[in-house]
Undergrad: 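Okay, here's the structure, questions in a sec.
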Amino acid sequence: MQKKYLIDEERIPRRWYNIAPDFPEPPAPALHPGTGQPVGPDDLAGLFPMGLIAQEASMERYIDIPDEVREIYRIWRPTPLIRADRLERALGLRDDQRIFFKYEGVSPSGSHKSNTAVPQAYYNREAGVKRLATETGAGQWGSALSMACQIFGLDLTVYMVKVSYQQKPYRRVLMELNGAHVYASPTAHTETGRKALQDDPDTNGSLGLAISEAVEDVVGHPGSKYALGSVLNHVLLHQTVIGEEALEQVGAADAYPDVVIGCVGGGSSFAGIAFPFMRETLAGKAKTRFVGVEPTACPSLTKGVFTYDFGDVGQTTPLLKMYTLGHDFMPAGIHAGGLRYHAMGPLISHAYHLGMMEAVAVPQTKVFAAAQMFMQNEGILPAPESAHAILAAIDEALAAKAAGEARTILFNLTGHGYLDLGAYEQFLAGKLEDYDHPEAAIKAAMEHVPSA
Ligand SMILES: *Cc1c(COP(=O)(O)O)cnc(C)c1O
């Protein structure tokens, strides 16, 4: 392969890492909502191509990355591992209290989502699929998939959560430049959408609702398949290129982390950076702590219930065992759209349930202040989602400082925030508010969660 950049392409991983066979206990299977039995490949064949279905249930520890996918990865991979030394100084840390971050904002979509968009489009094209439908929360997933579909010659329809469609018009433009059709969800095109509009014409929409619309669209259009940007096992799998690269990079920098921190929406980017390090910890080679950071407005790990639930409002998906706030959860219109999903991916939920990781919830005003401090020191404006991890990394560093302990912190900077300037403008104007998702709302939503 001809070298494209002056980077070492050998350092782009050749395999994805599947944590499933390494868990001390196997994760609970996805269930068919009608029969209550574990779903088989045929149950998913209407939604996904077989290449991805095989990965979803795989118990192979490593899965080869196809050459064609790796060839596209080299547009932005390997991504840099950066020491936040100016931030360290601003926090008054000692030399042995170090903060590193893995920067996924260098991808074409500006976030880690491209890591899975490319293989998903690839396996669909391999299966002869002509068209995909998907949802997007903040627009990052839609932009990532639109580029991947453009590369592999697939048509794409995107149901974009209405509040983001309004707050982030430029994400829509990006998707449309790649030839995608983008609609503000809920739409009048689907039954789920029409019902939601009837219930509340001014609804903000939600990721769970947009997923239902995309799934309904696919079921009604033979030859189309569905694609999801987080939550599912195959998505988390694709993201492990982040952690595999980071593992090599911290080795070269003599910076093996004591703590790995990442924001969690559906959990894919967190899995991506954390699972390869968890493998080392499970093998007894390291003693790293893992911290997932979520918004107080959408606290699925810290306040949710670990149970079987639907992945969407319309109850069209298989039942997944996850920490959930209830599938009819309507999030507050906070500015980290990518973290507004009602539940947490089954593999992350399982890791949390087994005590392999910790979780914290943080309010958005503090998150934006941390983002500003990070930008002023490191020069990168983070996505509001990623800034959750920055805040937690700063807190972790300050705790080490207070204790007078050495600590190496690694966090995942999942994306840049240059298409989130509207949110930052509101932050500067003092217009951002904090939300705590009320316990009463969780209790009420649990009444609609099917007991498996
Ligand atoms: C989508 C997104 C997230 C959250 O999704 P995960 O699946 O939890 O990773 C985080 N950061 C950015 C920049 C995103 O686009």
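Keep in mind that this is a model prediction, so the values were computed, not measured. All ligand and atom numbering here is 1-based and tracks the order in the structure.
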Undergrad: May I ask you to list the atoms of ligand 1 that are less than 4.0 angstrom from any heavy atom of His112?
TA: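 Atoms satisfying the 4.0 Å criterion: 2 (C), 3 (C), 9 (O), 10 (C), 11 (N), 12 (C), 14 (C).
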Undergrad: Pick, from Thr414, Ile242, Leu236, the option with the minimum heavy-atom distance to atom 13 (C) of ligand 1.
TA: Thr414
Undergrad: Could you check whether Glu358 pairs with Arg289 (Lys NZ or Arg NE/NH1/NH2 to Asp/Glu carboxylate O, under 4.0 Å)?
TA: yes
Undergrad: Which heavy atom of the protein is the closest neighbour of atom 9 (O) of ligand 1, given with residue, atom name and distance?
TA: Ser269 OG, 2.5 Å
Undergrad: By number and element, which atoms of ligand 1 are closer than 4.0 Å to a non-hydrogen atom of Ser268?
TA: 6 (P), 7 (O), 8 (O), 9 (O)
Undergrad: Can a donor-acceptor pair be found, under 3.5 Å and without considering hydrogens, that links the side chain of Ser107 to the backbone of Ser111?
TA: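 Flag set: sc Ser107 to bb Ser111 pair under 3.5 Å.
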Undergrad: Starting from atom 4 (C) of ligand 1, locate the nearest protein heavy atom and write down its residue, its atom name and how far away it is, to 0.1 Å.
TA: Gly338 O, 3.4 Å
Undergrad: What's the shortest distance from atom 8 (O) of ligand 1 to any protein heavy atom, and which residue and atom give it?
TA: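 Checking every protein heavy atom, the shortest distance to atom 8 (O) of ligand 1 gives Gly265 N, 2.6 Å.
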Undergrad: Give a yes/no verdict on whether any heavy atom in His416 is under 4.0 Å from an atom of ligand 1.
TA: no
Undergrad: Test of understanding: given a 4.0 Å heavy-atom threshold, classify the contact between Leu339 and ligand 1 as side chain, backbone, both, or neither.
TA: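 For Leu339, only side-chain atoms sit under 4.0 Å from ligand 1.
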Undergrad: In this structure, is the centre-to-centre distance between the rings of Phe329 and His437 below 6.0 Å?
TA: yes
Undergrad: For residues Thr302 and Glu294, is any side-chain donor paired with an opposing acceptor at under 3.5 Å?
TA: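 Checked: Thr302/Glu294 side chains pair up, N/O donor to acceptor below 3.5 Å.
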Undergrad: Do ligand 1 and Phe270 have nitrogen or oxygen atoms that lie under 3.5 Å from each other?
TA: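 No, there is no polar N/O contact under 3.5 Å.
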Undergrad: Does the pair Glu245/Arg11 count as a salt bridge with the N-to-O cut at 4.0 Å?
TA: no
Undergrad: Can you list the ligand 1 atoms lying under 4.0 Å from a non-hydrogen atom of Val264?
TA: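 Checking each atom against Val264, I get 8 (O).
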Undergrad: Is the closest N or O pair between Ala383 and ligand 1 shorter than 3.5 Å?
TA: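 There is no such contact.
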Undergrad: Let me confirm one number: the OG1-CE distance from Thr187 to Met160, rounded to the nearest 0.5 Å.
TA: 14.5 Å
Undergrad: Taking atom types as modelled, find out whether Tyr159 and Asp217 have a side-chain donor-acceptor pair closer than 3.5 angstrom.
TA: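 Present: a donor and an acceptor within the cut-off.
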Undergrad: Determine, using ring centers only, whether His234 and Tyr123 are less than 6.0 Å apart.
TA: no
Undergrad: Regarding atom 3 (C) of ligand 1: of the candidates Gln140, Glu104, Lys113, His388, which has the closest heavy atom?
TA: Lys113
Undergrad: Heavy-atom contacts with Glu385 under 4.0 Å: which atoms of ligand 1 show up? List them by number with element.
TA: 10 (C), 11 (N), 12 (C)
Undergrad: Which residue supplies the protein heavy atom nearest to atom 7 (O) of ligand 1, what is that atom called, and how far is it?
TA: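 Atom 7 (O) of ligand 1 sits closest to the protein heavy atom Ser230 OG, 2.4 Å.
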Undergrad: Is the ring centre of Phe275 less than 6.0 Å from the ring centre of Tyr17?
TA: no
